Amino acid sequence: MTSFRKNNIKSVLLVLAIVLVVNVLSRSFFQRFDLTADQRYTLSGTSLGIIKQVDNPLSIKVYLQGDLPAEFKRLQVETKQLLEEFQAYNSNIVFEFVDPLENEESSMDNIKELYRKGLTPINITVDDKGKQSQAMVFPWAIAVYNNKEVNIPLLKNMMGASTTQKVIGSVQHLEYSIADGLNKIIKAKQKKIAVIKGNGELQDILMAKFLLQVRESYYIGPFTLDSVAKSPVASLEALTKYDLAVIAKPTETFTDSEKQVLDQFIMNGGKTLWLVDQVVAEMDSLYNDAGATLAYPRDLGLNDMFFKYGFRINPDLIKDEQGSPIKLASGEQGSATQYQEFNWKFAPQVYPTSTHPIVKNLGGIKFDFANPIDTLKNGIKKTVLLQSSPYSKKIGTPAEVNLNIVTENSSPQEYLNKGNLPMAVLLEGDFHSVYENRVLPFEQNKFKGSGKPTKMIVISDGDLVKNQLDKNFQPVELGFDQRSGNVYDNKDFMINCVNYLLDDTGLINIRSKDLTLPLLDKEKVYASYTQTQLITIGLPLVVLLVFGLLFTYIRKKTYSK
């Protein structure tokens, strides 16, 4: 046997030995490497924790398949690559991409079935070198585990954004959407939420979309304070079994006994989400012949509680140049009536400036007749989550609110050093009871003057959680404004508040993950379409051809000897 052949055999055996050792080691040590600059495919600890809980087969059906526009092709690829990451850590997770419109004969039945499940499509205009066409896309996935099913939205709705911007925002939230969906069907409910009733709070149908969303992850139930009058101690004991109390737009004054029950719930570590209006003003009251209404202070009897906890909701209205659009009739009545869009300054459109996980990466959030919040020094940590724009100011009440305000001209000088008014504040720490060193409204053996560490969120607008009703009096999506057709991020903000208060911060941190997507500039591509084709398609072929010819030449020259 020649030395050349012996060396070849040694090389082959060495390679086989290395491959064998690597395979053995790979079974013992599992590691995936993410070479992207933003670590896009590195799953968070929260996602990995959810994946580890999948003990039985979990199937995910993704409806992003078929002849998709370029932007949605990108969303499809990103979704597939992320699901492959999930699958790599747990083989029980399986997924498939399906096209609901593939078969023309059954496509209508498929669409009806998806509609029934709550998966609504979007119609988009595809612009291909000046030629426009319409396309229907279902940016949804359905996950099934242990006979439980959940819808996973893959496209994030962003007001005023282009399709490309929506896709970028959706990829940013992709891990959160999938992890949140899987968490809902894998993890058993544990935390309990009480929706406080009895003081003129919002009806369930007016906050139905919020309640339905929250119910997917937590136990939820109404808690009426009417029973406090007869048996306050029993009412307090019942309330302390809940983890969070939601007080949504009360309109009637709280009694001292009711306040003591809420106060002691907080002292025992209960979390609270306050959505309180300190001014009586409603949009519906403006739609009259005069187009005006009187806004006046509302006394709920909660001021002393709020002051003790370290904040104050002022009975003023916030007027903000960064308002929301409103459509009003103009011209003569009858057939000549036209509807024109105006800027409604008493409905601030707030874009978060804070980097707190609750509001990070959220879009516009719509308020209606909001009030400014003052924070007071008392040792409690306070974080302003949402605030008005620099071009805003507070209007004292009582005051007339008139639709004619949409035609007024304003100057920046009117708002000098008056803006950035807090509208949503997070408070964390050891609170002191409002009844500390005071006579108690009712006798309580286990009264606490100071409480366990807890947290609360205060929002100076009860309408933030309110969904509108359609013509059939059915609730529409929270954040969708039927008058303007805009979709705001009210629902995401509210869900983030609930998750944070109930210590489910892992999912919130996934939502605030920052990603960067390099995208082609369409206008530049269209301007140099032929050149772009030559570079992206022709150049790789030329390089491959040159490599092939060079390889053949070297091979012939070597073995001809």
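All residue numbers in this chain count up from 1 along the given sequence. Worth knowing before you read on, the calculation uses all heavy atoms, side chains too, and leaves out hydrogens, waters and symmetry mates. Model, not experiment: these values are computed from the prediction.
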What is the distance from atom CD of Glu149 to atom CD1 of Ile152, rounded to the nearest 0.5 Å? 10.5 Å
So for atom CZ, which belongs to Arg215, do other residues, nucleotides or ligands contribute more than 12 heavy atoms lying within a distance under 6.0 Å? no
Roughly how far, to the nearest 0.5 Å, is the CG atom of Leu328 from the CZ atom of Phe342? 6.0 Å
Do the non-hydrogen side-chain atoms of Leu317 and Phe346 ever get within less than 4.5 Å of each other? yes
Pair Leu43, Leu82 - check side-chain contact (heavy atoms from CB on, under 4.5 Å), show working. CA-CA 9 Å; Leu43 298 181; Leu82 191 59; 3.7 Å; yes
Measure from NZ or CZ of Lys191 to the centre of the six-membered ring of Tyr218, then state whether that distance is under 6.0 Å and the direction lies within 45° of the axis. no
Could you go through Leu300 and Arg298, starting from their C-alpha distance and side-chain angles, then the distance that decides it, and tell me whether this counts as side-chain contact (heavy atoms from CB on, under 4.5 Å)? CA-CA 6 Å; Leu300 297 171; Arg298 171 183 279 142; 3.7 Å; yes
Do Ser388 side-chain atoms and Asp320 backbone N/O form a donor-acceptor pair below 3.5 Å? no
Can you find a side-chain donor-acceptor pair between Ser450 and Glu436 that sits under 3.5 Å? no
Rounded to the nearest 0.5 Å, how far does NZ of Lys230 lie from OG of Ser235? 11.0 Å
Output yes when a side-chain donor or acceptor of Ser392 lies under 3.5 Å from a complementary backbone atom of Gly419, and no otherwise. no
Between Asn371 and Asp316, is there a donor-acceptor pair closer than 3.5 Å when you use the side chain of the first and the backbone of the second? yes
Dump the intermediate steps for side-chain contact (heavy atoms from CB on, under 4.5 Å) on Phe442 and Ser257, then the final yes or no. CA-CA 6 Å; Phe442 63 85; Ser257 295; 3.9 Å; yes
Do the non-hydrogen side-chain atoms of Met423 and Ile318 ever get within less than 4.5 Å of each other? yes
Apply salt bridge (Lys or Arg N to Asp or Glu O under 4.0 Å) to the pair Lys156 and Asp492, showing each step before the final yes or no. CA-CA 10 Å; Lys156 178 174 170 56; Asp492 287 347; 3.0 Å; yes
Compute whether any side-chain donor of one residue and acceptor of the other, for Asn314 and Asp374, lie under 3.5 angstrom apart. yes
Tell me whether Lys446 at atom NZ has more than 12 heavy atoms from other residues, nucleotides or ligands lying less than 6.0 Å away. no
Report yes if the side chains of Gln213 and Leu211 come closer than 4.5 Å at any heavy-atom pair, otherwise no. no
Look up atom CD1 in Ile313 and atom CZ in Phe307, then write down how far apart they are to the nearest 0.5 Å. 14.0 Å
Evaluate the side-chain proximity of Asp430 to Lys452: yes if any heavy-atom separation is below 4.5 Å, no if none is. no
Do Phe493 and Leu464 have side-chain heavy atoms sitting under 4.5 Å apart? yes
Does Lys327, at its NZ atom, have more than 12 non-hydrogen atoms belonging to other residues, nucleotides or ligands within less than 6.0 Å? no
Answer yes or no: is there a side-chain heavy-atom contact under 4.5 Å between Ile196 and Leu225? yes
Identify all side-chain donor-acceptor contacts of residues 403-410 below 3.5 Å with residues at least two apart in sequence or on another chain.
| from | atom 1 | to | atom 2 | distance (Å) |
| --- | --- | --- | --- | --- |
| Asn404 | ND2 | Asn402 | OD1 | 3.2 |
| Thr407 | OG1 | Asn404 | O | 2.8 |
| Glu408 | OE2 | Lys319 | NZ | 2.5 |
| Glu408 | OE2 | Lys345 | NZ | 3.3 |
| Ser410 | OG | Glu321 | OE2 | 3.1 |
| Ser410 | OG | Lys345 | NZ | 3.2 |

Checking Thr293 against Glu282: is there a side-chain donor and acceptor pair closer than 3.5 Å? no
Distance-only, no hydrogens or angles: does the Glu201 side chain make a donor-acceptor pair with backbone N or O of Asn199 under 3.5 Å? yes
May I have the step-by-step check of side-chain contact (heavy atoms from CB on, under 4.5 Å) for Val498 and Ile193, ending in yes or no? CA-CA 9 Å; Val498 171; Ile193 300 175; 3.8 Å; yes
Below 3.5 Å, can you tabulate the donor-acceptor pairs from side chains in residues 467-481 to any protein atom, sequence neighbours excluded?
| from | atom 1 | to | atom 2 | distance (Å) |
| --- | --- | --- | --- | --- |
| Asn467 | OD1 | Ala208 | N | 2.9 |
| Asn467 | OD1 | Lys209 | N | 3.2 |
| Asn467 | ND2 | Ile205 | O | 3.1 |
| Gln468 | OE1 | Gln482 | N | 2.9 |
| Gln468 | OE1 | Gln482 | NE2 | 3.3 |
| Gln468 | NE2 | Asp481 | OD1 | 2.9 |
| Asp470 | OD1 | Asn472 | N | 2.9 |
| Asp470 | OD1 | Phe473 | N | 3.1 |
| Asp470 | OD1 | Gln474 | N | 2.8 |
| Glu477 | OE2 | Lys491 | NZ | 3.0 |
| Asp481 | OD1 | Arg483 | N | 3.3 |
| Asp481 | OD2 | Ser484 | OG | 2.9 |

Side chains of Gln444 and Tyr435, donor plus acceptor under 3.5 Å: no
Main-chain N/O of Thr255 paired with Glu258 side-chain donor or acceptor, under 3.5 Å: yes
Does CZ in Phe254 sit with more than 12 non-hydrogen atoms of other residues, nucleotides or ligands closer than 6.0 Å? yes
Keeping the roles fixed (side chain from Lys259, backbone from Pro441), state whether a donor-acceptor pair exists under 3.5 Å. no
Are the side chains of Tyr309 and Ile266 in touch, meaning some heavy atoms are under 4.5 Å apart? yes
Polar contact flag, side-chain donor to acceptor under 3.5 angstrom, Gln278-Asp299: no
Can a donor-acceptor pair be found, under 3.5 Å and without considering hydrogens, that links the side chain of Ser354 to the backbone of His356? yes
State, to 0.1 Å, how close Pro422 and Val384 come at their nearest heavy-atom pair, and which atoms those are. CB-CG1, 4.1 Å
Quick check on ring pair (Phe, Tyr, Trp, His ring centres under 6.0 Å): which of Phe431, Trp274, Phe306 does Phe311 satisfy it with? Phe306
Is the backbone of Tyr500 close enough, under 3.5 Å, to the side chain of Lys455 for a donor and an acceptor to pair up by distance? yes
Verify, without hydrogens or angle tests, whether Trp140 (side chain) and Asn151 (backbone) share a donor-acceptor contact under 3.5 angstrom. no
Quick one: which of Asp461, Asp368, Asp277 gives a salt bridge (charged side-chain N to carboxylate O under 4.0 Å, His left out) with Lys249? Asp277
Check this for me: does any side-chain nitrogen of one of Asp180 and Lys184 sit under 4.0 Å from a carboxylate oxygen of the other? yes
In a check of side chain to side chain contact (heavy atoms under 4.5 Å, CB included) between Met494 and each of Val246, Val214, Ile365, Leu273, which one passes? Leu273
Check the surroundings of atom OH in Tyr287: do more than 12 heavy atoms from other residues, nucleotides or ligands lie under 6.0 Å from it? yes
Any donor-acceptor N/O pair, Gln349 side chain to Gln322 backbone, under 3.5 Å: no
Is the positively charged end of Lys393 above the ring of Tyr415, judged by distance under 6.0 angstrom from the centroid and angle within 45° of the axis? yes
Just wondering, do Ile220 and Lys192 contact through their side chains at under 4.5 Å, heavy atoms? no
Quick one: do the Tyr176 and Asn361 side chains pair a donor with an acceptor below 3.5 Å? no
For a quick check under 3.5 Å, do Lys448 and Asn268 share a side-chain donor-acceptor pair by atom type? yes
Quick check for you: to the nearest 0.5 Å, what is the distance between Leu244 atom CG and Leu501 atom CG? 5.5 Å
